[in-house]
Engineer: 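So that we are looking at the same thing, I have put the structure below in structure tokens.
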Amino acid sequence: MKPGRRRFLAGGALAAGGVLAVAGWWNSRSDPALPLERGTAFGAWLGVLPDGRVQVALPNQEMGQGIDALVARLVAEELDLDPFAVQVVPAPLEPVYANLTLLMDGLPWEPGEDMAWTQGARWGAERLVRALGVQATGGSTSTRNLWRPVREAAAAARARLLAEAARRLDAPVDTFVVADGVVTAPSGRRAAYAELAEAAGRLAQPMSTPKPPSDWRLIGSERPSLDITTKTRGTAGYAIDVRLPGLRFAVVRHAPVVGARLVTASLPLGAEEGLSLVTDADWVAVVGSTTWHALQALDAMDAQERLVWRDGDTTLDDAALLQLREAALRAATGEALPPPGVVLREVEAGASDPQSVEGPVTLSARYELPYLAHATMEPPNCTVHLHDGGCEVWAGNQAPSLLLRLCTAETGLPADRCTVHTLPMGGGFGRKADLDFARQALRVARAVGGGPVQLLWPREQDIRHDVFRPAVSARIDAVLGEDGRLRAWRHAIAGPSVTGAFMARIHHRLDAGLPDRTNAEGAVHVPGLPAARRVVHAQTPSPVRVGYWRGVGHVPNAFAVQACLDECAQAAGADPLAWRLAQLGDATPQARRHARVLRALGGFSGWADPLPAAPAGWRLGRGLAIAESFRSVVGAVLELAVNEQGAVRLLRAWCSVDCGVAVDPVNVRAQVAGGFLFGLNAALHGRITLEGGRVLQSNFHDLPVLAPGAMPAVQVDILPGEGSPAGVGEIGVPPAAPALVNALHAATGRRVRRLPVLDAATGRLSNGD
Amino acid sequence: MALRFELNGRPVSLELDPAMPLLWALRDALGLTGTKYGCGIGACGACTVHLDDEAARACTLPLAAVVGRRVTTIEGLPDTHPVLRAWNAARVAQCGYCQPGFVMAAVAVSRRQGRVALDDLSNLCRCGSHDAMRAALAMLPDGPP
């Protein structure tokens, strides 16, 4: 380990240790019981309602990952209930519900580095994170974070309920049969949870542990555990659907050029009565009686040149940004000094230096990925009602704790006067961890004074002014030996730190310039790479806002690594799957885990089978990629067809998944297939182009999403897993782009190293690589 | 001048700008929020409704164009409709936001031609719930309902 890194970690340990006194005091307070209107709470997580249903607090936010169904399933499993008898409610904002997994995953050291002194730092950090009590959803952590506390809480509640049943039914606990919340003794006497709860709640807590896997009846089953009818019917209650008496509708318009500020703004001539204009440094909002009135007014203001901005950076374009990344890459490979503002970090060093290794075959490949928008189907929106000396906020958001802080900061009200309603999101993908839209809604509500206001970013604003997935450039230099095996690997990555940018948006002092693990994830700890390897990240500034985007750093890094490994296999004259297996070997558990996924995928996808016959004028190809992310491993095969004009048709795909315990296999398949399609769509079409300081794309006409019929059928095979669940929500994304370009190569013999693969104007394969 | 049309089987009369797209009248004036806003340019289909039994995109449909006609929104679809049932049985929804639009589009196609293929739909879904939609469509009975 480098001395600098050691110093940083040691410093982290001390800093973490320093807050222990405070955190320890904080944690010593007993956790508040789940607030219930009626019924008996069993600790912070759950309670038994008078009708026998069980209520559970869900600290995570639902955005399509199915976490509400998952928590219902975990509770129903431990308590032997029908999952439909579990009522899921949003958890109050309390430290006991903090997302420890998310924040601990974000710390700048690896799980493998658990030496004594990093363990101390981890322990300290865990206490700190808990004391901070940040409730947030991201990093594919929802299930991982709830797995232990929810099952333990439910097992503890069950132990108390059964102890009370033993007293009442006069029989030992181990003779009971429990089903659907009813305890039956050998005598045939029965008692329902609803009858037992009140007395059980007063009992001392008996020892309890969650069920062993051999007793699971719901975990791993195909049964549904939540009704989705409200989503199908449009009544799931997204923030955009909040309707309050007297609600007015605000529409936002941002400065069109990056960095521009507002000079003047005024409502248009002939504007309808009742419109309000709210201005800020670099955005305005018009408030009207309907969204349409506000939209119309903004368009009229544009037409009448009533919106005047200044000082934007009109020199900003893709070429300038690419130049910066290229200079950063040259610095990362030691060919030049780093340009101003670029910070070099060695994020992985193997046992030896790859620079000195020679071999008969050398490969050097440059990979390019564009800025990307999230384009959640429900655009950013937030409703605020300032009333009775308090503030009420409704938003689909991935960080309610941060939203609460934002409320107090913007309104000056104490936290106990602010109420945050976190509603299901019509897509999150990382976008709704950033709360710029909520800040605007709070300011607009204050400015118009009283009465509820719903603020919306129309799709054009969402796409042009998103917190983008940053563009990333990468270069990989690989050396192969006579045997066709990798001898040396050097990977240089250039791009901005998303975490740094995100933290700086929360508070300007939080951008501490610390290493950002997301820049390296997917490029480091890749099994099967040679001992002579080095991975360097050149952190560039980003003049446009960047944010977390589903899969984060794994997406660009898996693209470069898996596309390059395919080139290596080709250079070795070997089958890409067989070559990867040989490269992996079986020396480490991680290598064996990847090999197991690849072997399963080979069989499942029929990798060795001949391709079906291609229609006249089309060539078929199959591509492979494997990526480990969020503690899961996904191997993917994509089959596609390309015609002579460069049109691409995606035909079929197969994903083999090792995600530990698959709590809800139907949901795992949906998440993995959905993530894979999300990644494919981005790799085919996804781009944000800057010209003259403006984003060119604005809506689904120039930022296409694949039509339903163009989406390939994705089959997902879940490998049996043990232990605990790993991440699922993002893991399908990283292997998609490399599988696509590897399949394109198989079909056409051409390597595509720049995303997106399709030309924006023609919708066909772009010329050049 | 009042704009009159039939909405989910009942007559309505609105005093609104005839240029206002039906979407905003439904959502902001009438409080029928099952019809979603996704793009405002008729590209994503989240706002799909039926105009005299044919699928139409409410975000680009001015109120003037619905006067005297029959409008059905997702709220007007009976719970027992085979498309709704199939969607629920196949657990299609992930985030769910685009789903009412998909359901309305699929209902219109099924009314016209019976079986519905994924290719018959042009709505957009960002979660990638397409495999489950294929499964749901496969559950639909043959022939028009």
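Heavy-atom basis, side chains included; hydrogens, waters and symmetry copies ignored. These numbers were taken from a predicted model, which means no experiment stands behind them. Proteins come first, then strands; the chains are lettered A, B, ... in the order of their sequence lines, and each starts at number 1.
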Engineer: Passes side-chain contact (heavy atoms from CB on, under 4.5 Å), B/Cys44 versus A/Met377? Steps please.
Structural biologist: CA-CA 9 Å; B/Cys44 77; A/Met377 285 310 297; 3.8 Å; yes

Engineer: Please identify, among A/Arg459, A/Met425, A/Glu378, A/Arg233, the residue contributing the most non-hydrogen atom pairs under 4.5 Å to chain B.
Structural biologist: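 Answer, by heavy-atom pair count under 4.5 Å with chain B: A/Arg233.
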
Engineer: To the closest 0.5 Å, what do you measure between CG (B/Leu32) and OG1 (A/Thr235)?
Structural biologist: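 Result: 12.0 Å between the selected atoms.
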
Engineer: Pick one of side chain, backbone, both or neither for A/Pro712, based on which atoms fall under 4.5 Å of a heavy atom in chain B.
Structural biologist: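 Contact with chain B: backbone only.
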
Engineer: Got a salt bridge between A/Arg248 and B/Asp28, using NZ or NE/NH1/NH2 to carboxylate O under 4.0 Å?
Structural biologist: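 Between B/Asp28 and A/Arg248 there is no salt bridge, as every charged N stays at least 4.0 Å from the carboxylate O atoms.
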
Engineer: Measure distances from A/Ala670 to the heavy atoms of chain B and classify the residue's part below 4.5 Å as side chain, backbone, both or neither.
Structural biologist: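 For A/Ala670, heavy atoms of backbone and side chain both lie under 4.5 Å from chain B.
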
Engineer: Against chain B, label A/Arg243 side chain, backbone, both or neither, depending on which of its atoms sit under 4.5 Å from a heavy atom there.
Structural biologist: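 Side chain of A/Arg243 only, per the 4.5 Å heavy-atom cut-off to chain B.
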
Engineer: Please determine, among B/Leu121, B/Ile41, B/Val92, B/Val103, the option with the most heavy-atom pairs under 4.5 Å with chain A.
Structural biologist: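 Ranked by heavy-atom pairs under 4.5 Å with chain A, first place is B/Ile41.
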
Engineer: Is A/Phe429 close to chain B through its backbone or its side chain, or both, or neither, when contacts mean heavy atoms under 4.5 Å?
Structural biologist: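 Contact with chain B: side chain only.
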
Engineer: Please flag which part of B/Leu23 lies under 4.5 Å from any non-hydrogen atom of chain A: side chain, backbone, both or neither.
Structural biologist: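 Looking at B/Leu23, nothing touches chain A.
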
Engineer: Might you point out which heavy atoms bring B/Asp17 and A/Trp292 nearest each other, and give the distance in Å?
Structural biologist: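 So the minimum-distance heavy-atom pair works out to OD2-NE1, 3.9 Å.
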
Engineer: Please flag which part of B/Cys125 lies under 4.5 Å from any non-hydrogen atom of chain A: side chain, backbone, both or neither.
Structural biologist: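 The backbone, not the side chain.
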
Engineer: Restricting to non-hydrogen atoms, name the atom on B/Arg91 and the atom on A/Val666 that form the minimum distance, rounded to 0.1 Å.
Structural biologist: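 Scanning both residues, the minimum pair turns out to be NH1-CB, 3.4 Å.
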
Engineer: What option among B/Ile74, B/Thr73, B/Thr35 has the most heavy-atom pairs under 4.5 Å with chain A?
Structural biologist: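 Heavy-atom pair counts peak at B/Ile74.
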
Engineer: Is it the side chain or the backbone of A/Met711 that comes within 4.5 Å of chain B heavy atoms, both, or neither?
Structural biologist: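 Contact with chain B: backbone and side chain both.
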
Engineer: Donor-acceptor check, side chain of B/Lys36 to backbone of A/Gly234, threshold 3.5 angstrom: yes or no?
Structural biologist: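 Answer holds: yes.
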
Engineer: Using a 4.5 angstrom heavy-atom cutoff, name the option from A/Thr230, A/Thr291, A/Leu677 with the most pairs to chain B.
Structural biologist: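 The option with the most such pairs is A/Thr291.
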
Engineer: Given heavy-atom pairs under 4.5 angstrom as the criterion, report whether the side chain, backbone, both or neither of B/Ala93 touches chain A.
Structural biologist: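 Contact with chain A involves both backbone and side-chain atoms of B/Ala93.
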
Engineer: With a 4.5 Å cut-off on heavy-atom pairs, point out which of A/Pro379, A/Gly675, A/Pro704, A/Ala673 contacts chain B the most.
Structural biologist: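 Top option by heavy-atom pairs under 4.5 Å: A/Pro379.
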
Engineer: Under a 4.5 Å heavy-atom cut-off, does chain B meet the side chain of A/Ala69, its backbone, both or neither?
Structural biologist: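 Nothing of A/Ala69, per the 4.5 Å heavy-atom cut-off to chain B.
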
Engineer: Are the charged groups of B/Asp131 and A/Arg669 less than 4.0 angstrom apart, N to O?
Structural biologist: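 Salt bridge flag = no for A/Arg669 with B/Asp131.
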
Engineer: Checking heavy atoms, do the side chain of A/Ile463, its backbone, both or neither come under 4.5 Å from chain B?
Structural biologist: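 It is neither, since no heavy atom gets under 4.5 Å.
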
Engineer: With chain A as the partner, which of B/Gly96, B/Cys95, B/Pro100 has the greatest number of non-hydrogen pairs under 4.5 Å?
Structural biologist: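 Heavy-atom pairs under 4.5 Å are most numerous for B/Cys95.
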
Engineer: Under a 4.5 Å heavy-atom cut-off, does chain B meet the side chain of A/Asp462, its backbone, both or neither?
Structural biologist: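 When you check distances to chain B, no heavy atom of A/Asp462 falls under 4.5 Å.
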
Engineer: For residues B/Arg27 and A/Ile240, determine if any side-chain heavy atom of one lies less than 4.5 Å from a side-chain heavy atom of the other.
Structural biologist: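 Contact flag for B/Arg27/A/Ile240 side chains = yes.
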
Engineer: CZ of B/Arg85: more than 12 outside heavy atoms within 6.0 angstrom?
Structural biologist: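 Open.
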
Engineer: Determine the option with the most heavy-atom pairs under 4.5 angstrom with chain A, choosing from B/Gly40, B/Pro21, B/Ala46.
Structural biologist: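 Top count of heavy-atom pairs under 4.5 Å with chain A: B/Pro21.
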
Engineer: Between chain B and each of A/Gly426, A/Ala710, A/Gly674, A/Pro708, count heavy-atom pairs under 4.5 Å; write down the option with the most.
Structural biologist: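 Among A/Gly426, A/Ala710, A/Gly674, A/Pro708, the one with the most close pairs to chain B is A/Pro708.
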
Engineer: What residue, out of B/Gly31, B/Ala117, B/Cys39, B/Ala132, has the most heavy-atom pairs lying under 4.5 Å from chain A?
Structural biologist: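 Counting heavy-atom pairs under 4.5 Å, the top option is B/Cys39.
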
Engineer: For B/Ser122, is it the side chain, the backbone, both or neither that has a heavy atom under 4.5 Å from a heavy atom of chain A?
Structural biologist: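 Contact with chain A involves the backbone of B/Ser122 alone.
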
Engineer: Among A/Tyr238, A/Phe700, A/Phe676, which residue forms the greatest number of heavy-atom pairs with chain B at distances under 4.5 Å?
Structural biologist: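 Answer, by heavy-atom pair count under 4.5 Å with chain B: A/Tyr238.
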
Engineer: For A/Pro424, which atoms come within 4.5 Å of any heavy atom of chain B: side chain, backbone, both, or neither?
Structural biologist: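 Neither the backbone nor the side chain of A/Pro424 comes within 4.5 Å of chain B.
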
Engineer: Hey, which of B/Val83, B/Leu16, B/Asp79 has the most heavy atom pairs under 4.5 Å with chain A?
Structural biologist: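 With the most close heavy-atom pairs to chain A, the winner is B/Asp79.
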
Engineer: For B/Arg126 and A/His374, indicate whether the former's side chain and the latter's backbone hold a donor-acceptor pair under 3.5 Å.
Structural biologist: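 A pair under 3.5 Å: yes.
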
Engineer: Report the C-alpha distance between B/Gln94 and A/Gln671 in whole Å, list the side-chain angles of each, state the deciding distance to 0.1 Å, and finish with yes or no for side-chain contact (heavy atoms from CB on, under 4.5 Å).
Structural biologist: CA-CA 8 Å; B/Gln94 289 187 29; A/Gln671 292 298 311; 3.6 Å; yes

Engineer: Less than 4.5 Å to any heavy atom of chain B: does that hold for the side chain of A/Glu62, its backbone, both, or neither?
Structural biologist: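 For A/Glu62, the contact with chain B is made by the side chain alone.
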
Engineer: Let me know if B/Tyr37 has heavy atoms under 4.5 Å from chain A in its side chain, its backbone, both or neither.
Structural biologist: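 Both parts, backbone and side chain.
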
Engineer: Could you walk me through whether B/Trp24 and A/Leu295 satisfy the side-chain contact (heavy atoms from CB on, under 4.5 Å) test, starting with their C-alpha distance in whole Å, then the side-chain angles of each, then the deciding distance to 0.1 Å, before giving a yes or no?
Structural biologist: CA-CA 11 Å; B/Trp24 301 116; A/Leu295 282 166; 4.1 Å; yes

